[in-house]
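These notes concern the structure reproduced below.
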Amino acid sequence: MDLKSNHTPLLTDAAPITKSRLGVHSSLLPYSPTGAAFSPGLLLTIPRKKTGILEDVRSSGWLDAMKSSSPTAKKITKDINHGFASSDADSAYCTWLQKYPSALASFEKIANYAKGKRIALFLDYDGTLSPIVDNPDCAFMSESMRSAVKKVAELFPTAIISGRSRDKVYEFVGLTELYYAGSHGMDIIGPVRQSISDNNPNCIRSTNNKCKEVNLFQPAAEFLPMIDEVFRSLVECTNDIKGASVENNKFCVSVHYRNVDDKYWDIVGQRVVDILKDYPRLRLTHGRKVLEVRPVINWDKGKAVTFLLESLGLSNCDDVLPIYVGDDRTDEDAFKVLREGNRGYGILVASAPKESNAVYSLRDPLEVMEFLKSLAAWKSSLLKSLI
Ligand SMILES: O=P(O)(O)OC[C@H]1O[C@H](O[C@H]2O[C@H](CO)[C@@H](O)[C@H](O)[C@H]2O)[C@H](O)[C@@H](O)[C@@H]1O
(Lines give C-alpha, C1' and ligand atoms only; values in the text may rest on other atoms or scores of the structure.)
Protein backbone atom coordinates (compact mmCIF):
# COMPACT_ATOMS: atom_id res chain seq x y z
CA MET A 1 0.00 0.00 0.00
CA ASP A 2 1.27 3.41 -0.88
CA LEU A 3 0.89 5.56 2.20
CA LYS A 4 3.64 7.87 1.12
CA SER A 5 2.33 8.74 -2.33
CA ASN A 6 2.28 12.45 -3.07
CA HIS A 7 -0.11 12.51 -5.99
CA THR A 8 -3.04 14.85 -5.80
CA PRO A 9 -6.09 12.97 -4.63
CA LEU A 10 -9.50 13.70 -6.06
CA LEU A 11 -12.25 14.77 -3.74
CA THR A 12 -14.98 12.26 -4.22
CA ASP A 13 -17.68 13.63 -2.00
CA ALA A 14 -18.94 17.19 -1.91
CA ALA A 15 -15.75 19.11 -1.78
CA PRO A 16 -14.69 21.19 1.18
CA ILE A 17 -15.95 24.66 1.62
CA THR A 18 -13.83 27.25 -0.12
CA LYS A 19 -13.72 30.54 1.71
CA SER A 20 -13.45 32.55 -1.52
CA ARG A 21 -17.11 31.76 -2.07
CA LEU A 22 -17.91 33.53 1.15
CA GLY A 23 -15.76 36.53 0.33
CA VAL A 24 -12.96 35.61 2.71
CA HIS A 25 -9.41 36.53 1.79
CA SER A 26 -7.48 33.68 0.17
CA SER A 27 -4.86 33.69 2.92
CA LEU A 28 -7.55 32.28 5.21
CA LEU A 29 -8.34 29.41 2.91
CA PRO A 30 -8.34 26.10 4.79
CA TYR A 31 -5.81 24.30 2.61
CA SER A 32 -2.78 26.40 3.27
CA PRO A 33 0.34 24.36 2.38
CA THR A 34 1.77 25.59 5.67
CA GLY A 35 -0.46 22.95 7.22
CA ALA A 36 1.93 20.27 6.00
CA ALA A 37 3.84 20.05 9.23
CA PHE A 38 3.05 16.41 9.92
CA SER A 39 2.03 13.06 8.48
CA PRO A 40 4.07 13.54 5.30
CA GLY A 41 2.46 11.85 2.32
CA LEU A 42 -0.90 11.71 4.01
CA LEU A 43 -1.52 15.42 3.68
CA LEU A 44 -4.35 16.11 1.31
CA THR A 45 -3.49 18.56 -1.44
CA ILE A 46 -6.17 20.47 -3.29
CA PRO A 47 -5.80 21.61 -6.92
CA ARG A 48 -5.08 25.32 -7.14
CA LYS A 49 -5.61 27.78 -9.96
CA LYS A 50 -2.66 29.80 -11.23
CA THR A 51 -4.11 32.80 -9.40
CA GLY A 52 -3.22 31.09 -6.12
CA ILE A 53 -6.88 30.98 -5.21
CA LEU A 54 -8.27 27.55 -4.49
CA GLU A 55 -10.07 26.01 -7.37
CA ASP A 56 -13.68 25.49 -6.41
CA VAL A 57 -14.00 21.78 -7.04
CA ARG A 58 -17.62 21.77 -6.03
CA SER A 59 -20.38 22.14 -8.53
CA SER A 60 -22.66 23.89 -6.04
CA GLY A 61 -22.42 25.87 -2.84
CA TRP A 62 -22.28 24.42 0.66
CA LEU A 63 -25.92 25.21 1.34
CA ASP A 64 -26.91 23.38 -1.85
CA ALA A 65 -24.78 20.44 -0.75
CA MET A 66 -26.50 20.46 2.66
CA LYS A 67 -29.90 20.45 0.97
CA SER A 68 -29.03 17.74 -1.52
CA SER A 69 -27.59 15.39 1.10
CA SER A 70 -31.17 14.13 1.50
CA PRO A 71 -34.54 15.60 0.56
CA THR A 72 -36.51 17.28 3.32
CA ALA A 73 -39.51 15.48 4.78
CA LYS A 74 -41.60 18.48 3.69
CA LYS A 75 -40.70 17.95 0.02
CA ILE A 76 -41.59 14.27 0.12
CA THR A 77 -44.93 14.99 1.84
CA LYS A 78 -45.69 17.72 -0.69
CA ASP A 79 -45.06 15.35 -3.58
CA ILE A 80 -47.19 12.65 -2.01
CA ASN A 81 -50.02 15.15 -1.42
CA HIS A 82 -49.96 16.00 -5.09
CA GLY A 83 -50.45 12.33 -5.81
CA PHE A 84 -47.64 11.90 -8.30
CA ALA A 85 -44.85 10.93 -5.96
CA SER A 86 -45.17 7.21 -5.68
CA SER A 87 -45.70 6.28 -9.34
CA ASP A 88 -43.09 8.76 -10.61
CA ALA A 89 -40.63 7.75 -7.91
CA ASP A 90 -41.25 4.05 -8.56
CA SER A 91 -40.64 4.30 -12.27
CA ALA A 92 -37.51 6.42 -11.71
CA TYR A 93 -36.28 3.79 -9.25
CA CYS A 94 -36.99 0.96 -11.73
CA THR A 95 -35.04 2.78 -14.45
CA TRP A 96 -32.19 3.39 -12.03
CA LEU A 97 -32.17 -0.33 -11.09
CA GLN A 98 -31.11 -1.14 -14.63
CA LYS A 99 -27.87 0.72 -13.99
CA TYR A 100 -27.43 -0.49 -10.39
CA PRO A 101 -29.14 -3.90 -10.30
CA SER A 102 -30.43 -5.25 -7.03
CA ALA A 103 -27.78 -7.42 -5.34
CA LEU A 104 -30.63 -9.67 -4.18
CA ALA A 105 -32.10 -10.14 -7.65
CA SER A 106 -28.55 -10.67 -8.97
CA PHE A 107 -27.53 -12.96 -6.14
CA GLU A 108 -27.04 -16.02 -8.32
CA LYS A 109 -24.77 -14.08 -10.65
CA ILE A 110 -22.74 -12.75 -7.71
CA ALA A 111 -22.51 -16.23 -6.18
CA ASN A 112 -21.36 -17.77 -9.46
CA TYR A 113 -18.65 -15.16 -9.78
CA ALA A 114 -17.63 -15.70 -6.16
CA LYS A 115 -17.17 -19.48 -6.59
CA GLY A 116 -13.58 -20.42 -5.84
CA LYS A 117 -12.88 -16.92 -4.53
CA ARG A 118 -12.32 -15.69 -1.01
CA ILE A 119 -14.88 -13.03 -0.12
CA ALA A 120 -13.88 -10.15 2.17
CA LEU A 121 -16.82 -8.18 3.45
CA PHE A 122 -16.85 -4.48 4.34
CA LEU A 123 -19.94 -2.93 5.89
CA ASP A 124 -20.85 0.64 6.65
CA TYR A 125 -22.96 1.12 9.80
CA ASP A 126 -25.53 3.97 9.71
CA GLY A 127 -28.12 3.57 6.98
CA THR A 128 -26.66 0.17 6.08
CA LEU A 129 -26.86 -2.00 9.19
CA SER A 130 -29.15 0.35 11.10
CA PRO A 131 -31.98 2.50 9.76
CA ILE A 132 -31.52 6.27 9.71
CA VAL A 133 -33.21 7.76 12.78
CA ASP A 134 -33.55 11.28 14.15
CA ASN A 135 -31.40 10.72 17.22
CA PRO A 136 -27.88 9.50 16.32
CA ASP A 137 -27.51 7.96 19.78
CA CYS A 138 -30.45 5.68 19.07
CA ALA A 139 -29.32 4.19 15.76
CA PHE A 140 -29.51 0.65 17.11
CA MET A 141 -29.25 -2.38 14.89
CA SER A 142 -31.88 -5.09 15.24
CA GLU A 143 -31.12 -8.44 16.85
CA SER A 144 -31.84 -10.16 13.54
CA MET A 145 -29.33 -7.91 11.77
CA ARG A 146 -26.77 -8.63 14.51
CA SER A 147 -27.17 -12.35 14.06
CA ALA A 148 -26.92 -12.01 10.23
CA VAL A 149 -23.68 -10.01 10.61
CA LYS A 150 -22.33 -12.54 13.14
CA LYS A 151 -22.99 -15.41 10.71
CA VAL A 152 -21.24 -13.78 7.76
CA ALA A 153 -18.32 -12.77 9.99
CA GLU A 154 -17.86 -16.43 10.97
CA LEU A 155 -17.63 -17.35 7.30
CA PHE A 156 -15.75 -14.42 5.74
CA PRO A 157 -13.27 -11.82 7.04
CA THR A 158 -15.62 -8.93 7.83
CA ALA A 159 -15.00 -5.33 8.83
CA ILE A 160 -17.24 -2.43 9.70
CA ILE A 161 -16.04 0.91 8.36
CA SER A 162 -17.97 3.79 9.89
CA GLY A 163 -17.86 7.55 10.31
CA ARG A 164 -18.63 7.00 13.99
CA SER A 165 -15.92 6.63 16.58
CA ARG A 166 -14.66 3.05 16.71
CA ASP A 167 -15.82 2.68 20.33
CA LYS A 168 -19.31 3.90 19.48
CA VAL A 169 -19.76 1.58 16.53
CA TYR A 170 -18.46 -1.34 18.61
CA GLU A 171 -20.98 -0.40 21.31
CA PHE A 172 -23.77 -0.61 18.70
CA VAL A 173 -22.62 -3.82 17.01
CA GLY A 174 -21.15 -5.65 20.00
CA LEU A 175 -19.61 -8.52 17.99
CA THR A 176 -16.04 -9.64 18.55
CA GLU A 177 -15.86 -11.60 15.29
CA LEU A 178 -15.30 -8.44 13.23
CA TYR A 179 -12.66 -5.83 12.51
CA TYR A 180 -13.65 -2.25 13.22
CA ALA A 181 -12.61 0.97 11.52
CA GLY A 182 -14.02 4.17 13.04
CA SER A 183 -13.75 7.87 12.09
CA HIS A 184 -14.15 7.12 8.36
CA GLY A 185 -11.25 4.67 8.48
CA MET A 186 -8.90 6.87 10.51
CA ASP A 187 -9.01 4.47 13.47
CA ILE A 188 -8.56 0.84 12.46
CA ILE A 189 -8.17 -2.31 14.48
CA GLY A 190 -6.93 -5.01 12.15
CA PRO A 191 -5.09 -8.29 12.33
CA VAL A 192 -1.40 -8.30 13.24
CA ARG A 193 0.82 -8.16 10.17
CA GLN A 194 4.46 -7.34 10.68
CA SER A 195 5.01 -5.82 7.24
CA ILE A 196 2.19 -3.35 7.88
CA SER A 197 3.38 -2.17 11.30
CA ASP A 198 7.01 -2.01 10.13
CA ASN A 199 6.09 0.32 7.26
CA ASN A 200 3.62 2.59 9.01
CA PRO A 201 4.71 4.84 11.87
CA ASN A 202 1.03 5.34 12.78
CA CYS A 203 0.49 1.63 13.25
CA ILE A 204 1.16 0.11 16.67
CA ARG A 205 0.69 -3.29 18.26
CA SER A 206 -2.19 -3.33 20.74
CA THR A 207 -4.78 -5.72 22.19
CA ASN A 208 -8.50 -5.84 21.52
CA ASN A 209 -11.26 -6.37 24.09
CA LYS A 210 -10.66 -10.11 23.92
CA CYS A 211 -6.99 -9.51 24.85
CA LYS A 212 -6.03 -10.65 21.37
CA GLU A 213 -3.02 -8.95 19.74
CA VAL A 214 -4.05 -6.54 16.98
CA ASN A 215 -2.63 -3.75 14.84
CA LEU A 216 -3.98 -0.33 15.75
CA PHE A 217 -3.70 2.14 12.88
CA GLN A 218 -4.48 5.81 13.51
CA PRO A 219 -3.14 7.95 10.64
CA ALA A 220 -4.63 11.14 12.11
CA ALA A 221 -3.38 10.62 15.67
CA GLU A 222 -1.76 14.04 15.79
CA PHE A 223 -5.10 15.73 15.17
CA LEU A 224 -6.68 14.47 18.37
CA PRO A 225 -6.20 17.68 20.48
CA MET A 226 -7.33 19.80 17.51
CA ILE A 227 -10.46 17.71 17.01
CA ASP A 228 -11.32 17.95 20.73
CA GLU A 229 -10.91 21.71 20.59
CA VAL A 230 -12.99 22.16 17.44
CA PHE A 231 -15.64 19.85 18.88
CA ARG A 232 -16.02 22.14 21.92
CA SER A 233 -16.19 25.24 19.70
CA LEU A 234 -18.80 23.64 17.45
CA VAL A 235 -20.94 22.65 20.45
CA GLU A 236 -20.75 26.19 21.75
CA CYS A 237 -21.49 27.92 18.45
CA THR A 238 -24.51 25.75 17.64
CA ASN A 239 -26.11 25.44 21.07
CA ASP A 240 -28.67 28.18 20.35
CA ILE A 241 -29.86 26.47 17.13
CA LYS A 242 -32.85 24.30 17.94
CA GLY A 243 -32.28 20.71 16.86
CA ALA A 244 -28.58 21.06 15.99
CA SER A 245 -26.26 18.57 17.66
CA VAL A 246 -22.57 17.85 17.52
CA GLU A 247 -21.06 14.37 17.80
CA ASN A 248 -17.43 13.69 18.68
CA ASN A 249 -16.26 10.82 16.48
CA LYS A 250 -12.70 10.91 17.86
CA PHE A 251 -10.77 11.84 14.66
CA CYS A 252 -13.67 13.75 13.11
CA VAL A 253 -16.72 15.67 14.26
CA SER A 254 -20.28 15.46 12.95
CA VAL A 255 -22.57 18.48 13.04
CA HIS A 256 -26.12 17.17 12.64
CA TYR A 257 -28.88 19.32 11.16
CA ARG A 258 -31.53 16.61 10.58
CA ASN A 259 -33.64 18.06 13.40
CA VAL A 260 -33.09 21.71 12.49
CA ASP A 261 -35.83 23.59 10.64
CA ASP A 262 -34.55 23.85 7.06
CA LYS A 263 -34.82 27.64 7.14
CA TYR A 264 -31.94 27.61 9.67
CA TRP A 265 -29.65 25.19 7.79
CA ASP A 266 -27.69 28.08 6.31
CA ILE A 267 -26.99 29.36 9.83
CA VAL A 268 -25.66 25.95 10.86
CA GLY A 269 -23.44 25.86 7.76
CA GLN A 270 -22.23 29.41 8.23
CA ARG A 271 -21.33 28.85 11.89
CA VAL A 272 -19.33 25.74 11.02
CA VAL A 273 -17.57 27.58 8.19
CA ASP A 274 -16.71 30.44 10.55
CA ILE A 275 -15.18 28.09 13.12
CA LEU A 276 -13.15 26.28 10.45
CA LYS A 277 -11.51 29.56 9.38
CA ASP A 278 -9.18 29.06 12.33
CA TYR A 279 -8.38 25.46 11.36
CA PRO A 280 -6.61 25.23 8.00
CA ARG A 281 -5.79 21.60 8.72
CA LEU A 282 -9.43 20.58 8.90
CA ARG A 283 -11.86 20.17 6.02
CA LEU A 284 -15.58 19.80 5.67
CA THR A 285 -17.51 17.06 3.86
CA HIS A 286 -21.21 16.23 3.64
CA GLY A 287 -23.21 13.21 4.73
CA ARG A 288 -26.89 12.54 5.28
CA LYS A 289 -28.03 15.77 6.95
CA VAL A 290 -24.68 16.00 8.62
CA LEU A 291 -21.59 18.15 8.14
CA GLU A 292 -18.41 16.21 8.79
CA VAL A 293 -15.30 18.02 10.00
CA ARG A 294 -12.17 15.97 9.48
CA PRO A 295 -8.38 16.29 9.13
CA VAL A 296 -6.87 17.26 5.80
CA ILE A 297 -5.15 13.95 5.26
CA ASN A 298 -5.14 11.67 2.27
CA TRP A 299 -7.18 8.99 3.97
CA ASP A 300 -10.74 7.80 3.54
CA LYS A 301 -12.88 4.67 3.57
CA GLY A 302 -11.32 3.55 0.27
CA LYS A 303 -7.83 3.72 1.76
CA ALA A 304 -9.15 1.85 4.80
CA VAL A 305 -10.40 -0.99 2.58
CA THR A 306 -6.99 -1.21 0.88
CA PHE A 307 -5.26 -1.17 4.28
CA LEU A 308 -7.49 -3.91 5.69
CA LEU A 309 -7.08 -6.10 2.60
CA GLU A 310 -3.31 -5.80 3.01
CA SER A 311 -3.53 -6.50 6.73
CA LEU A 312 -5.58 -9.60 5.99
CA GLY A 313 -3.04 -10.76 3.42
CA LEU A 314 -5.71 -10.49 0.74
CA SER A 315 -4.38 -7.78 -1.52
CA ASN A 316 -3.06 -8.49 -5.01
CA CYS A 317 -4.74 -11.89 -5.05
CA ASP A 318 -6.86 -12.81 -8.04
CA ASP A 319 -8.95 -15.16 -5.95
CA VAL A 320 -10.17 -12.46 -3.54
CA LEU A 321 -13.55 -10.80 -3.95
CA PRO A 322 -14.06 -7.77 -1.73
CA ILE A 323 -17.66 -6.65 -1.27
CA TYR A 324 -18.44 -3.27 0.27
CA VAL A 325 -21.97 -2.30 1.32
CA GLY A 326 -22.71 1.34 2.18
CA ASP A 327 -25.23 4.12 1.75
CA ASP A 328 -23.43 7.43 2.07
CA ARG A 329 -21.14 9.75 0.14
CA THR A 330 -18.12 8.69 2.18
CA ASP A 331 -18.72 5.10 1.04
CA GLU A 332 -18.18 6.23 -2.54
CA ASP A 333 -14.42 6.34 -1.85
CA ALA A 334 -14.53 2.62 -1.12
CA PHE A 335 -16.77 1.84 -4.11
CA LYS A 336 -14.31 3.73 -6.29
CA VAL A 337 -11.30 1.77 -5.03
CA LEU A 338 -13.08 -1.50 -5.85
CA ARG A 339 -14.38 -0.31 -9.20
CA GLU A 340 -11.09 1.22 -10.38
CA GLY A 341 -9.05 -1.74 -9.26
CA ASN A 342 -11.64 -4.00 -10.89
CA ARG A 343 -11.42 -5.92 -7.66
CA GLY A 344 -14.87 -6.47 -6.29
CA TYR A 345 -18.36 -5.15 -5.83
CA GLY A 346 -19.63 -1.97 -4.28
CA ILE A 347 -23.25 -2.24 -3.21
CA LEU A 348 -25.10 1.03 -2.66
CA VAL A 349 -27.95 1.10 -0.15
CA ALA A 350 -30.47 3.60 -1.53
CA SER A 351 -34.23 3.83 -1.76
CA ALA A 352 -34.04 6.66 -4.30
CA PRO A 353 -31.94 6.95 -7.45
CA LYS A 354 -28.49 8.47 -7.10
CA GLU A 355 -25.27 8.30 -9.06
CA SER A 356 -22.68 6.03 -7.54
CA ASN A 357 -19.44 4.16 -8.07
CA ALA A 358 -21.18 1.05 -6.79
CA VAL A 359 -22.06 -1.84 -9.09
CA TYR A 360 -25.14 -3.18 -7.35
CA SER A 361 -27.79 -1.76 -5.03
CA LEU A 362 -30.01 -2.69 -2.13
CA ARG A 363 -33.03 -0.67 -1.10
CA ASP A 364 -32.61 -0.47 2.68
CA PRO A 365 -31.07 -2.19 5.74
CA LEU A 366 -33.73 -4.91 5.56
CA GLU A 367 -32.51 -5.86 2.09
CA VAL A 368 -28.92 -5.68 3.39
CA MET A 369 -29.88 -8.25 6.02
CA GLU A 370 -31.45 -10.50 3.37
CA PHE A 371 -28.31 -10.22 1.28
CA LEU A 372 -26.06 -11.12 4.24
CA LYS A 373 -28.28 -14.10 5.06
CA SER A 374 -28.13 -15.27 1.43
CA LEU A 375 -24.33 -14.98 1.42
CA ALA A 376 -24.08 -17.00 4.64
CA ALA A 377 -26.51 -19.68 3.41
CA TRP A 378 -24.67 -19.96 0.07
CA LYS A 379 -21.26 -20.32 1.74
CA SER A 380 -22.54 -22.81 4.33
CA SER A 381 -24.04 -25.01 1.65
CA LEU A 382 -20.78 -24.86 -0.33
CA LEU A 383 -18.88 -25.95 2.78
CA LYS A 384 -21.37 -28.75 3.46
CA SER A 385 -21.02 -30.02 -0.08
CA LEU A 386 -17.29 -30.40 0.53
CA ILE A 387 -17.77 -32.71 3.53
O1 LIG B 1 -20.20 5.85 8.04
P2 LIG B 1 -21.50 5.66 8.76
O3 LIG B 1 -21.49 4.50 9.71
O4 LIG B 1 -22.66 5.62 7.80
O5 LIG B 1 -21.67 6.99 9.65
C6 LIG B 1 -21.98 8.24 9.03
C7 LIG B 1 -22.66 9.13 10.03
O8 LIG B 1 -23.75 8.38 10.54
C9 LIG B 1 -24.49 8.92 11.63
O10 LIG B 1 -25.33 9.94 11.13
C11 LIG B 1 -26.33 9.47 10.27
O12 LIG B 1 -27.19 8.57 10.99
C13 LIG B 1 -27.92 9.16 12.09
C14 LIG B 1 -28.69 8.06 12.80
O15 LIG B 1 -29.53 7.37 11.93
C16 LIG B 1 -28.82 10.28 11.55
O17 LIG B 1 -29.54 10.89 12.61
C18 LIG B 1 -27.95 11.30 10.82
O19 LIG B 1 -28.76 12.31 10.24
C20 LIG B 1 -27.13 10.63 9.73
O21 LIG B 1 -26.24 11.56 9.11
C22 LIG B 1 -23.58 9.39 12.73
O23 LIG B 1 -24.36 10.02 13.73
C24 LIG B 1 -22.48 10.30 12.20
O25 LIG B 1 -21.61 10.64 13.25
C26 LIG B 1 -21.71 9.50 11.16
O27 LIG B 1 -20.65 10.28 10.66
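All values below were derived from every heavy atom in this structure, side-chain atoms included, with hydrogens, water molecules and symmetry-related copies excluded. One-based numbering, in listed order, for ligands and for the atoms of each. One is the number of the first residue; the rest follow in order along the sequence.
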Just wondering, more than 12 heavy atoms not from D137 lying within 6.0 Å of its CG?
-> yes
Tell me, please, which residues at least two apart from S233 pass side chain to side chain contact (heavy atoms under 4.5 Å, CB included).
-> I275, Y279
Would the number of heavy atoms belonging to other residues, nucleotides or ligands and lying under 6.0 Å from CD of E236 be above 12?
-> no
Contacts of F172 meeting ring pair (Phe, Tyr, Trp, His ring centres under 6.0 Å) (sequence neighbours excluded), chain-then-number -> Y125, F140
Which residue pairs pass the side-chain hydrogen bond (donor to acceptor under 3.5 Å, both in side chains) test with at least one member in residues 376-387, sequence neighbours excluded?
-> none
Over-ring placement of K117 relative to Y113, 6.0 Å and 45° cut-offs | yes
Ordered by chain then number, the protein residues lying under 4.0 Å from ligand 1 by heavy atom are D124, Y125, D126, P131, I132, V133, D134, P136, A139, S162, G163, R164, E247, N249, S254, H256, R258, R288, V290, E292, K301
